[in-house]
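Working notes, structure below.
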Amino acid sequence: MSLTIATWNVNSIRIRLDHLARVVARCAPDVLCLQETKVTDDLFPTEALAGLGYPHQVRWGMKAYNGVAILSRRPLTDDGRQDWAGRADCRHVWATVDGGPGLGPIRVHSLYLPAGGDRPDPEANPKFAHKLRFLRAQARWWKAQRDQGPPAVLAGDFNVAPLESDVWSHARLRRVVTHTDVERDLLTRMMRAGGWEDAVCRLIPPPQPVFTWWSYRTPDGLTADKGRRLDHLWVSRGLAERVSDVTILKETRAWPTPSDHVPVVVTLA
DNA sequence: ATGGTAGACACTCTA
């Protein structure tokens, strides 16, 4: 028995339904963690996604911005949601899925961390200050949650590229939001506090570069491979040895009218 | 220092 979990920032679930169908045809994940759904729950495409094989859904969205969801082929139980850094902006949901014999129940989190604006200065840029507050709060939360409840998966768009090999040029991006020292340090702290292990790094060891995002604004960004690894899938310690496959679906970025992020797909066996 | 593209929504925001 195995469980395949994907995480993908779709940049609008309604405009990405066709791509979602193609992703499902490609890798048939059991569980899909989505970010930037950009839709309120009453307008969420529940039926269309059930028709793709995902009748079990947890979604939490708002108008125009943010929004997260978990779609599953198998029943979801004990679902929850939480606000962070003093804002009600639909960035974190979770639910428990049965991984089957040998895996048992697994709590899956879909998380969308703030992008942080343009200037990496918390004094001058309130969005960056918010991002740092969010990261610190996450580290505190996961430290308290550590070793509680079932084995867990934390997946999503974290908007931080923590390793030097997570960006196309470490030297040129060190002062760019997503790859500054303070963000990289806080994400590492959050990971250690929760006892998380990076499932992708487990099978694709650094410094092998892995990118999951290519900016819309860089015309040659994809062909020149000027990417960053902003999307992550972490597993709690008990699951680290179960990571049996990792796939980054880079091809989706070259499809017509793509999301700027691509799916990260991890199989636990 | 600036502007580049995309999505939502209603003209400007966020990424």
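Residue numbers begin at 1 in each chain, while the letters A, B, ... track the order of the sequences.
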Nearest to the A/Arg14 side chain among B/dA15, B/dA8, B/dA6, which nucleotide is it? B/dA8
Per atom distances to the A/Tyr216 side chain, the nearest of B/dT14, B/dA8, B/dA6 is B/dA6
Heavy atoms under 4.0 Å, any strand shown: does A/Arg119 hit a base, just sugar-phosphate, or nothing? nothing
Distance in angstrom units between A/Lys38 NZ and B/dT14 P, rounded: 12 Å
Taking the same atom, P, in B/dT5 and in B/dC9, what whole-Å distance lies between them? 22 Å
Could you state the atom-to-atom distance from CG of A/Leu113 to C1' of B/dT14 in whole Å? 16 Å
Tell me whether the side-chain N/O atoms of A/Ser12 come closer than 4.0 Å to OP1 or OP2 in B/dA8. yes
Cation-pi between A/Arg228 and A/Trp168: NZ/CZ under 6.0 Å from ring centre and within 45° of the ring axis? no
Let me spell it out: for each of A/Asp260 and A/Lys63, pick the nucleotide of DNA chain B with the closest heavy atom. Which residue's pick is nearer the 5' end? A/Lys63
Can you tell which of B/dG7, B/dC9, B/dA15 lies closest to the side chain of A/Glu36? B/dA15
Separation between the C1' atoms of B/dA10 and B/dT14, rounded to whole Å: 15 Å
A/His19 vs A/Trp255 aromatic rings, parallel, tilted or perpendicular, using cut-offs 30° and 60°? perpendicular
For the residue pair A/Trp196 and A/Trp234, does the interplanar ring angle fall in the parallel (under 30°), tilted (30 to 60°) or perpendicular (over 60°) class? tilted
Distance in angstrom units between A/Lys131 NZ and B/dT14 C1', rounded: 13 Å
Taken to the nearest whole Å, CZ/A/Arg16 to C1'/B/dA15 is 13 Å
Would you state whether a donor and an acceptor, one from the side chain of A/Arg217 and one from the base of B/dA6, lie under 3.5 Å apart? no
Parallel, tilted or perpendicular: which fits the ring planes of A/His261 and A/Trp213, with parallel below 30° and perpendicular above 60°? tilted
How many Å lie between CD1 on A/Ile15 and C1' on B/dA15, as a whole number? 15 Å
Classify the ring geometry between A/Trp142 and A/His92 as parallel (under 30°), tilted (30 to 60°) or perpendicular (over 60°). tilted
Within 45 degrees of the ring normal and closer than 6.0 Å to the centroid, is that where the cationic atom of A/Arg73 sits relative to A/Tyr54? yes
In whole angstroms, the gap separating P of B/dA8 from CG of A/Asn11 amounts to 7 Å
Roughly how far apart, to the nearest Å, are B/dA1 and B/dA15 at atom P? 22 Å
Candidates B/dG7, B/dA15, B/dA8 - which lies nearest the side chain of A/Ala64: B/dA8
Report the residue (A/Ser259 or A/Asn159) whose heavy-atom-nearest nucleotide on DNA chain B is the more 5′ of the two. A/Ser259
Could you tell me whether A/Arg253 contacts a base, only the sugar-phosphate backbone, or nothing, with contacts defined as non-hydrogen atoms closer than 4.0 Å? nothing
Quickly work out the A/Ile13 CD1 to B/dA8 P distance and round it to whole Å. 11 Å
Roughly how far apart, to the nearest Å, are B/dG7 and B/dG3 at atom P? 22 Å
Atom CZ of A/Arg175 and atom C1' of B/dA1: how far apart are they, to the nearest Å? 16 Å
